[in-house]
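Taking it in order: structure first as structure tokens, then the write-up.
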Amino acid sequence: MLSINLIREKKEFIIERLKVKNFKAEEILERILVLDSSRREIQLKTDSMQASMNSISKEIGTLMRDGKKNEADAAKEKTYSLKEEIKSLSDKLIPIDNDLKNELIRLPNLPHESVPQGYGADDNVKVREGGILPLLPETALPHWDLIKNYDIIDFELGIKLTGAGFPVYKGKGAKLQRALINFFLDEGEKAGYREIMPPILVNEDSGFGTGQLPDKEGQMYHATLDNFYLIPTAEVPVTNIYRDVIVNADSLPIKNIAYTPCFRREAGSWGAHVRGLNRLHQFDKVEIVQIVHPDSSYKSLEEMVSHVEGLVSKLELPYRILRLCGGDMSFTSALTYDFEVWSAAQKRWLEVSSVSNFESFQSNRLKCRFKEKTDKQTRLVHTLNGSALALPRIVAAILENNQTETGIKVPEVLIPYTGFEIIN
RNA sequence: GGAGAGAUGGCAGAGUGGUCGAAUGCGGCGGUCUCGAAAACCGUUGUUCGCUUUACAGUGGACCGGGGGUUCGAAUCCCCCUCUCUCCGCCA
């Protein structure tokens, strides 16, 4: 959510910036400014009426105590009409406030100045790449065949237990999952992140806090009996820790890391291109979240990008980093880098991480602030998050890229975690 | 799931219709004293929406779990909701 002050002061600037995201802001901004000024106008009136109401009431109290009952009754007369006016004015304010809020949450975050204009994936800018593309023989198999051959991930069994998109990991497949999770968490800890193990069901307030509600309601599984939502990412609980809090300036930057399973209904997005591990309803992910001082959020973003880059290179996966164009960025982000790894048998790049700076867009909605030390002002923090990393596509790439005639080689760094060197 | 108790400022904890944005203690911040520190003493101490403004200044409104009601006036009375605690039941 953009702050109302920014909208009042820099309307033209907002319109220009949102063009990069192909968003036409003129009309919404116009409506917001009208609502905002009538809101303030009404409030000014009610505040002054309320003030005279308060002083009359105080007067009545004094008169009653002094036993001047007649004078008190006369004063009471004066309040009746005031009271009605206040009531009717504040009734008017309620729909205005609601409309204002509804308009405000429809405005996307402003893209950072380095975000390229564009409409889709083709317009993203490659920042850099790393690793070596493996040369596989013609007989190389895609991961959905490999997992069957080695009996490590079972989709059919998942269908029996739950449904499509809920795989069962077996034997070395399960151990590989556990190894990756622990590897990611350990690397995070080395980089200064504190581990969090949050609930994987959250309430409505948390859904609103990070913006999944009200818009993306259909993307989350909903436990209706208790009105809880299964988290689509650890970002939801871990970021909501800071909902409605004023953090101590000294504690910034706050760096949290969490492993959770993630649940996504992916309504309407199923198709042939999402075979195997490419898209699931339940998957595992390690997420990093930072709460930082506004002055240093872009430094933190770069730090997070190099952290994720470290992970993929340690796993010896060929990767590339993209700076997303305005059209491909999320609603809430100011700047996003996507990580893709090369899936050698599918011959495609697979997105495995998305690292974003939300600046104060998310914290304004969350009401997460800190007290500036220099001028004692309460200000919004900046929030950032990124996957470090999402498992399924990493697994797909490892399986495909490392296949040999005798089995699948486990990346060096994972061997201490798996306890085996080859899947066969 | 059943019964009872409760929800007040960063924390603890008073307050049962007007002088209460709220006693007191702790903590925090500033000062006196000190070579320095501790102790003691003095002062200060929340959030939020407006208005006036150069303003870290002045001023008005709102905020005692959330929402509604009674009243000239509500932290205090009434209703609904949420949450917490204790006991019982169930249970990894």
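Below, chain A is the first sequence line, B the second, and so on; all start at residue 1.
- A:Asn54 places its CG atom 15 Å from the P atom of B:C20, with the value rounded to the nearest Å.
- At whole-Å resolution of the value, CG in A:Asp91 and P in B:G67 are 15 Å apart.
- Here A:Tyr259 pairs with nothing under the ring pair (Phe, Tyr, Trp, His ring centres under 6.0 Å) rule; sequence neighbours left out.
- Identified under the side-chain hydrogen bond (donor to acceptor under 3.5 Å, both in side chains) test for residues 75-86 of chain A, with sequence neighbours left out: none.
- Sorted by first and then second residue, the pairs that involve residues 161-180 of chain A and meet ring-ring contact (aromatic ring centres under 6.0 Å, His included), not counting sequence neighbours, are A:Phe166-A:His281.
- Checking A:Thr46 against A:Asn5, the closest nucleotide of RNA chain B that is more toward the 5' end is the one next to A:Asn5.
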Salt bridge (charged side-chain N to carboxylate O under 4.0 Å, His left out) between A:Lys314 and A:Glu187, worked out: CA-CA 10 Å; A:Lys314 282 175 189 168; A:Glu187 291 293 310; 2.6 Å; yes
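- Looking at residues two or more places apart in sequence or on another chain, you find a ring pair (Phe, Tyr, Trp, His ring centres under 6.0 Å) between A:Phe370 and A:His293.
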Reading 5' to 3' through nucleotides 44-49 of chain B, protein heavy-atom contacts under 4.0 Å coded B for base, S for sugar-phosphate only, - for none: --SSSB
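- Using the Watson-Crick or G-U wobble rule with both distances under 3.5 Å, B:A62 pairs with B:U47.
- Partner assigned to B:U16 is none, using Watson-Crick or G-U wobble distances below 3.5 angstrom.
- Under the Watson-Crick or G-U wobble criterion, with both distances below 3.5 Å, B:U82 is paired with B:A7.
- Summarising the base pairing, B:C56 is matched to no nucleotide, lacking a Watson-Crick or G-U wobble pair whose two defining distances lie under 3.5 Å.
- Separation of the C1' atoms belonging to B:G1 and B:G61 is 45 Å when rounded to the nearest angstrom.
- The heavy-atom pair separating A:Ala334 from A:Val115 by the smallest distance is O-CG2, 3.4 Å.
- On the P atoms, B:G65 is 25 Å away from B:G60, given to the nearest whole Å.
- The pair A:Lys11-A:Glu30 meets the salt-bridge criterion, since a charged nitrogen lies less than 4.0 angstrom from a carboxylate oxygen.
- OP1 and OP2 of B:C83 both lie 4.0 Å or more from every side-chain N or O belonging to A:Asn203.
- Under the ring-ring contact (aromatic ring centres under 6.0 Å, His included) criterion, no residue pair touches residues 14-39 of chain A, with sequence neighbours excluded.
- Look at B:C41: its Watson-Crick or wobble partner, with both distances under 3.5 angstrom, is B:G31.
- Atom CG in A:Leu225 sits about 13 Å away from atom C1' in B:G1, given to the nearest Å.
- Atom CG in A:Asp244 sits roughly 17 Å away from atom P in B:C83 (whole-Å rounding).
- When the P atom is used for both B:C56 and B:G50, the distance is 15 Å, rounded to whole Å.
- The aromatic ring centres of A:Tyr298 and A:His382 sit 6.0 Å or more apart.
- Nucleotide B:U52 holds its P atom 8 Å from the CG atom of A:Leu44, rounded to whole Å.
- Taking atom CG on A:Asn227 and atom P on B:C81, their separation rounds to 16 Å, with Å as the unit.
- Comparing the same atom, C1', in B:G46 and in B:G28 gives a spacing of 12 Å after rounding to whole Å.
- Nucleotide B:U76 is matched to nothing when pairs are restricted to Watson-Crick or G-U wobble geometry with both distances under 3.5 angstrom.
- Between B:A38 and B:U32, the distance separating the two P atoms is 14 Å to the nearest Å.
- Counting to the nearest Å, the C1' atom of B:C51 and the CD atom of A:Gln50 are 16 Å from each other.
- Between B:U45 and B:G36, the two P atoms lie 28 Å apart (nearest whole Å).
- At a threshold of 4.0 angstrom between heavy atoms, the contacts of A:Asp73 with the nucleic acid are absent.
- Nucleotides B:U84 and B:C63, compared at atom P, are 26 Å apart to the nearest Å.
- Distance, A:Glu204 CD to B:U82 C1': 12 Å, rounded to whole Å.
- Nucleotides B:G6 and B:G15 place their P atoms 13 Å apart, quoted to the nearest Å.
- Considering only residues two or more places apart in sequence or on other chains, A:Arg106 meets the side-chain hydrogen bond (donor to acceptor under 3.5 Å, both in side chains) condition with A:Glu103.
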Nucleotides 68-80 of chain B: protein proximity per nucleotide (B base, S sugar-phosphate only, - neither; heavy atom, under 4.0 Å): ---BBS-------
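- Taking A:Tyr229 as the reference, A:His222 meet the ring pair (Phe, Tyr, Trp, His ring centres under 6.0 Å) condition, with sequence neighbours excluded.
- The 5' end of RNA chain B is approached more closely, in terms of each residue's nearest nucleotide, by A:Gln377 than by the other of A:Gln377 and A:Ala51.
- Pair assignment for B:G89 gives none, since no Watson-Crick or G-U wobble pairing has each distance under 3.5 Å.
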